[in-house]
Amino acid sequence: MDHNKLALPVGTTLDRFIMRKQEDFPYATGELSQLLRDIALAAKIVNREINRSGLIDIAGAYGSQNVQGEDQQKLDVIANIRFIRALRNGGEVCTIISEEDDDMIQTGNNQGKYVVAIDPLDGSSNIDVNVSIGTIFSIYRRVSPTGREGTSADCLQPGTHQVAAGYVIYGSSTMLVYTTGNGVNGFTYEPSLGEFFLSHPDIQTPATGAIYSINEGASESFSPGVAAFVKHCKDSSFSARYIGSLVADFHRNLLKGGIYIYPATAKNKQGKLRLMYECNPLAFIVEQAGGRSSDGYRRTLEIEPTQCHERCPVFIGSKELVEQAEAFIAQEAATAPVEEVA
């Protein structure tokens, strides 16, 4: 036996990676680093609950709806509790926006310098059928003075003001992917050691790809521009891949190249995905990886939010594919008949 194999390094842990990156910023005080560690801790706990959900009756519907009018699953509620508790106990966050709560959540940490927008458990309709689900989060520096509760101005900042964003995907392995505006790195969870290890350093998404991800069940209500782009994908022999779990679809396309689309439809005229804790964090990540995100007309990160649970259409993924989609939509707008004013 080659004895060298017995002592192979296991890799760089998330904690060590965060500590090293903190050293790159001479004025860093450690609060953001601690906040990322708090999120990672909650992710480990949620991962444990997901892995045993079929054994202790925590799968299935909870019996209520969230602010979006969606049926809450038991694990939605559990994940929401775990992340809010971790963020509150960590002390770095003054205010939280969660998909599962109607209003801003004040943590009581009025000295906290950060605001977090979070979807604690994305894709929860897939829980009962054992399909990958995830957590999405976005971190902003508060703009109001410390010493008091966070305000709506702290929460409703455009995506360009994010200081960090990330997601956790709970699948065949559990991964945490995040950015602080200096590239994107992915960490895989090693359950026997209870640690996240750097497995995907400096992720760069391909400039183009051959995957399109869209719910074609709603194709009858696509705008002509979106329908034309989808037809272009088919004519180009692209592969259609749509899981129905945003994190899973986004993660695959980030690594392999492709485009994820959730456009405005007759049922969801403003789109379905939420700007603050779905579109903005993933847009920050994809741009840091060399990709692009827009609502079909403008850069996602430049949209000025007006509500905590605001929705918007999204075209996100490989830069060239998103630009092609925007071109089809622009062509539709250019050829649309001009309505006469009476």
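Quick caveat: nothing in here was measured; it's all calculated off a predicted structure.
Centroid-to-centroid, the aromatic rings of F137 and Y277 stay 6.0 Å apart or farther. Ring-centre distance between F250 and Y260: not below the 6.0 Å cut-off.
Aromatic ring pairs are classed by plane angle as parallel below 30°, tilted from 30° to 60° and perpendicular above 60°; the pair F187 and F17 is perpendicular.
When the shell of 6.0 Å around CD of Q270 is examined, it contains 12 or fewer heavy atoms from other residues, nucleotides or ligands. Counted within 6.0 Å of CG on N215, heavy atoms from surrounding residues, nucleotides or ligands total more than 12; the atom is thus considered enclosed. Atom NZ of K113 has 12 or fewer neighbouring heavy atoms from other residues, nucleotides or ligands inside a 6.0 Å radius.
Judged purely by atom type and a 3.5 angstrom limit, Q324 has no side-chain atom pairing as donor or acceptor with the backbone of F229.
Side chains of L121 and N80 form no contact here, defined as non-hydrogen atoms less than 4.5 Å apart. Residues V230 and F328 fail the side-chain proximity criterion, which asks for heavy atoms closer than 4.5 Å.
Of the charged side-chain nitrogens involved, at least one lies within less than 4.0 Å of a carboxylate oxygen, so that R274 and E278 count as a salt-bridged pair. Ion pairing of R37 with D15 is present here, as a side-chain N (NZ or NE/NH1/NH2) and a carboxylate O approach within less than 4.0 Å. Salt bridge absent: E320 and R292 never bring a charged side-chain N and a carboxylate O closer than 4.0 Å.
In this model, a donor atom of one side chain and an acceptor atom of the other lie less than 3.5 Å apart for Y114 and R141. In the model, H309 has no side-chain atom that pairs as donor or acceptor with a side-chain atom of E99 under 3.5 Å.
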